[in-house]
Amino acid sequence: MHRRIIAPGALAAASVLLAIPASAASFTPGAPGIGDPYYPAYGNGGYDVSHYDLRLKYQPATDELEGTATILARTTQDLSRFDLDFLLDVSEVRVNGVKAAFTTSGEHELVVTPRTPLPKGTAVTVVVRYTGVPSSKKAYGFTSWHRTPDGGIAANEPEAAWWWFPSNDHPLDKATYDVSVLVPDGTQALSNGTLQSTSSKLGWTRWNWRQNKPQATYLATLALGKFDITTSTSEGGVPVVNAYSKDLGDNDGAARASVERTGELVDWLSGYFGPYPFSSAGGYVPNTTTGYALETQTRVYYSPRQFANGSNTSVVVHELAHQWWGDSVSLKSWKDIWINEGFARYAQWLWSEHEGEGTAQELADYVYASHPADDPFWTVKPGDPGPDNQFDIAVYDRGALAIQALRNAIGDDAFFAILKGWPQRHAYGNASVADFQRYAEQVSGKPLAALFDTWLYEPVKPATPAARTAKATPRTVASPAQPKSWKKIAATNEIHGH
């Protein structure tokens, strides 16, 4: 072997050559969508985000929002350019400290071209400076920013981030968050996670929130306005932060009587689903005209209309159940929505049992009997409902019927082991309906393909109800009695009207 001697200058030149990609052609643009079959333009390819740092300033009187978003990510391919999902007006983008070119495309794409291409596996820091009036922006003909008399709210599904921060907007790319918001004194700024600090200076107050567990972008929320904020700790040790607009009018008492039970309900749900997965819990009720509620992670969004007919803990149970089913364990694709909504609805059935207002079986019997065979309800397939039916009532009620059928087929021991084991198996990650079927088969030791096909994928009414035994025959009772809890559960049906 002969040792080759290289002069220092030649070595430096060789190092430069090694730093230059062998082929510039290997660098390609990241896809403008992450690959979701329901929403092809949502999310983006080419990178994976680990953290969002959002530093914002908001003026309630004009709905003006200024922001600097710092996004930490890593490339997943040799990347020549990439997209972010965003609607507000951008003044500057930097990639790893260097100004980058940017433009807009389509309904909600911010297209960023770094000065130099980014090799696969590169750690990337993207800084986006922006301003805008969120309530003035629409995409696909709608807005997910709700203007209120004293501020604004970002909360919607499957998209809300575009109106207030640039992101990779799909549940497959979850990240942690720091959200710091400057608002005039007397205005509050709410977001997910825990309140780290507040400070006031020259008529402005800064609120600093931290979400230290992975969070899907649609579950990030921002609430700006005049709130009454309450804090407590559940018996199980979970900090609870709730907030109520100061102008809820007649709905104020019912809202508080419901949402203030959050700590109790978190502890109760933990008995079924395992330890609460986040650092805080809570909810907020702003003065909006929407009809839906949304499981925004740790800080649930409730419309005042949820409480127009009085207090309703059932809707609180539904949204808190999502903290395990949908938030900690998020869907892989929007067609997997049944895992979120079917189990949140079933939690309401379990609460009905707990309250002595009708067992889950009685509710299943009632739902089954309430929809004749020719009802379009049975044509919706909860396991893959399609984007137009993603929040159809069948995804909730037929979805819960499927869960009762599973419970009866495998027995309570295996069923409740699944309820507690699944959120731990996939904690802070993503999973599909197919993943859930495999897990249920593994825990129960039973083949379940036929059951899942019947209840989740066949566009017809199953021949037998979700009865107590897998071999049950049709009931002779045509119209089971309406369970006492039914009206409270049905009153939450607008929660899916996104």
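Positions are given from 1, in the same order as the sequence printed here. Bear in mind the structure is a predicted one, so any value in this text is a computation, not a measurement.
- A side-chain donor from one of Asn208 and Ser180 sits under 3.5 Å from a side-chain acceptor of the other.
- Side-chain polar atoms of Arg345 and Thr492 form a donor-acceptor pair below 3.5 angstrom.
- Note: Leu222 CG to Trp164 CH2 = 5.0 Å, rounded to the nearest 0.5 Å.
- Under 3.5 Å, the side chains of Ser330 and Asn430 contain no donor-acceptor pair of N or O atoms.
- Although no hydrogens or angles enter the test, the distance criterion places a donor-acceptor pair under 3.5 Å between the side chain of Arg398 and the main chain of Trp378.
- One N or O on the side chain of Thr454 and one on the backbone of Ala450 form a donor-acceptor pair closer than 3.5 Å.
- Relative to the ring axis of Tyr38, Lys335 does not place its NZ or CZ within 45° and under 6.0 Å from the centre.
- Panel note: side chain His322, backbone Trp325; a donor-acceptor pair is recorded below 3.5 Å.
- Ser270 and Asp267 form no side-chain donor-acceptor contact under 3.5 Å, judged by distance and modelled atom types alone.
- There is no side-chain donor-acceptor pair under 3.5 Å between Thr288 and Thr148.
- The ring pair (Phe, Tyr, Trp, His ring centres under 6.0 Å) check on Trp145 picks up nothing, with sequence neighbours excluded.
- For Ala402, the side chain to side chain contact (heavy atoms under 4.5 Å, CB included) partners two or more places apart in sequence, or in a different chain, are Trp338, Trp455, Leu456.
- Without hydrogens or angle criteria, Arg305 side chain to Thr289 main chain gives a donor-acceptor distance under 3.5 Å.
- Taking the six-membered ring for Trp, Tyr218 and Trp334 have ring centres closer than 6.0 Å.
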Exercise. Could you go step by step and tell me if Tyr457 and Asp384 meet the side chain to side chain contact (heavy atoms under 4.5 Å, CB included) rule?
Worked result: CA-CA 7 Å; Tyr457 296 105; Asp384 189 0; 4.2 Å; yes
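- Between the CD atom of Gln390 and the CG atom of Asp336 there is a distance of 10.0 Å, given to the nearest 0.5 Å.
- Side-chain polar atoms of Ser167 and Asp85 form no donor-acceptor pair below 3.5 angstrom.
- Checked by atom type and distance alone, the side chain of Asp392 never pairs as donor or acceptor with a backbone atom of Asn389 at under 3.5 Å.
- One side chain, Ser135 or Asp63, offers a donor N or O that lies under 3.5 Å from an acceptor on the other.
- Using modelled atom types, one side-chain atom of Gln297 and one backbone atom of Pro214 make a donor-acceptor pair closer than 3.5 Å.
- Aromatic ring centroids of Phe343 and Tyr272 lie 6.0 Å or more apart.
- Put simply, the side chain of Tyr276 gets close to the backbone of Ser280: a donor and an acceptor are under 3.5 Å apart.
- When the options Phe86, Tyr140, Trp163, Phe142 are evaluated for a ring-ring contact (aromatic ring centres under 6.0 Å, His included) with His108, the one that passes is Tyr140.
- No salt bridge links Asp178 with Arg55; every basic N to acidic carboxylate O contact stays at or beyond 4.0 Å.
- Ionic pairing of Glu458 and Lys381 is not present here: no N-O contact between side-chain nitrogen and carboxylate oxygen is shorter than 4.0 angstrom.
- Using a distance-only test at 3.5 Å, with no hydrogens or angles considered, no donor-acceptor pair links the side chain of Tyr130 to the main chain of Leu65.
- A donor-acceptor pair shorter than 3.5 Å cannot be found between the side chains of Thr143 and Lys137.
- A side-chain N or O of Asp36 and one of His170 form a donor-acceptor pair less than 3.5 Å apart.
- Rounded to the nearest 0.5 angstrom, Glu295 CD and Glu341 CD are separated by 5.5 Å.
- Thr290 and Tyr301 share a donor-acceptor pair across their side chains, judged by distance under 3.5 Å alone.
- Taking 4.5 Å as the limit, every side-chain heavy atom of Phe102 sits out of range of all side-chain heavy atoms of Leu84.
- Donor-acceptor pairing under 3.5 Å is recorded for the side chains of Asp169 and Thr217.
- Between Thr176 and Tyr52, the side chains place no donor N or O within less than 3.5 Å of an acceptor N or O (distance only, hydrogens not considered).
- The distance between the ring centers of Trp162 and Tyr42 falls below 6.0 angstrom.
- Side-chain atoms of Gln196 and Thr194 include a donor-acceptor pair closer than 3.5 Å.
- Judged purely by distance below 3.5 Å, without hydrogens or angles, the side chains of Gln323 and Thr298 never pair a donor atom with an acceptor atom.
- Asn156 and Ser144 form a side-chain donor-acceptor contact under 3.5 Å, judged by distance and modelled atom types alone.
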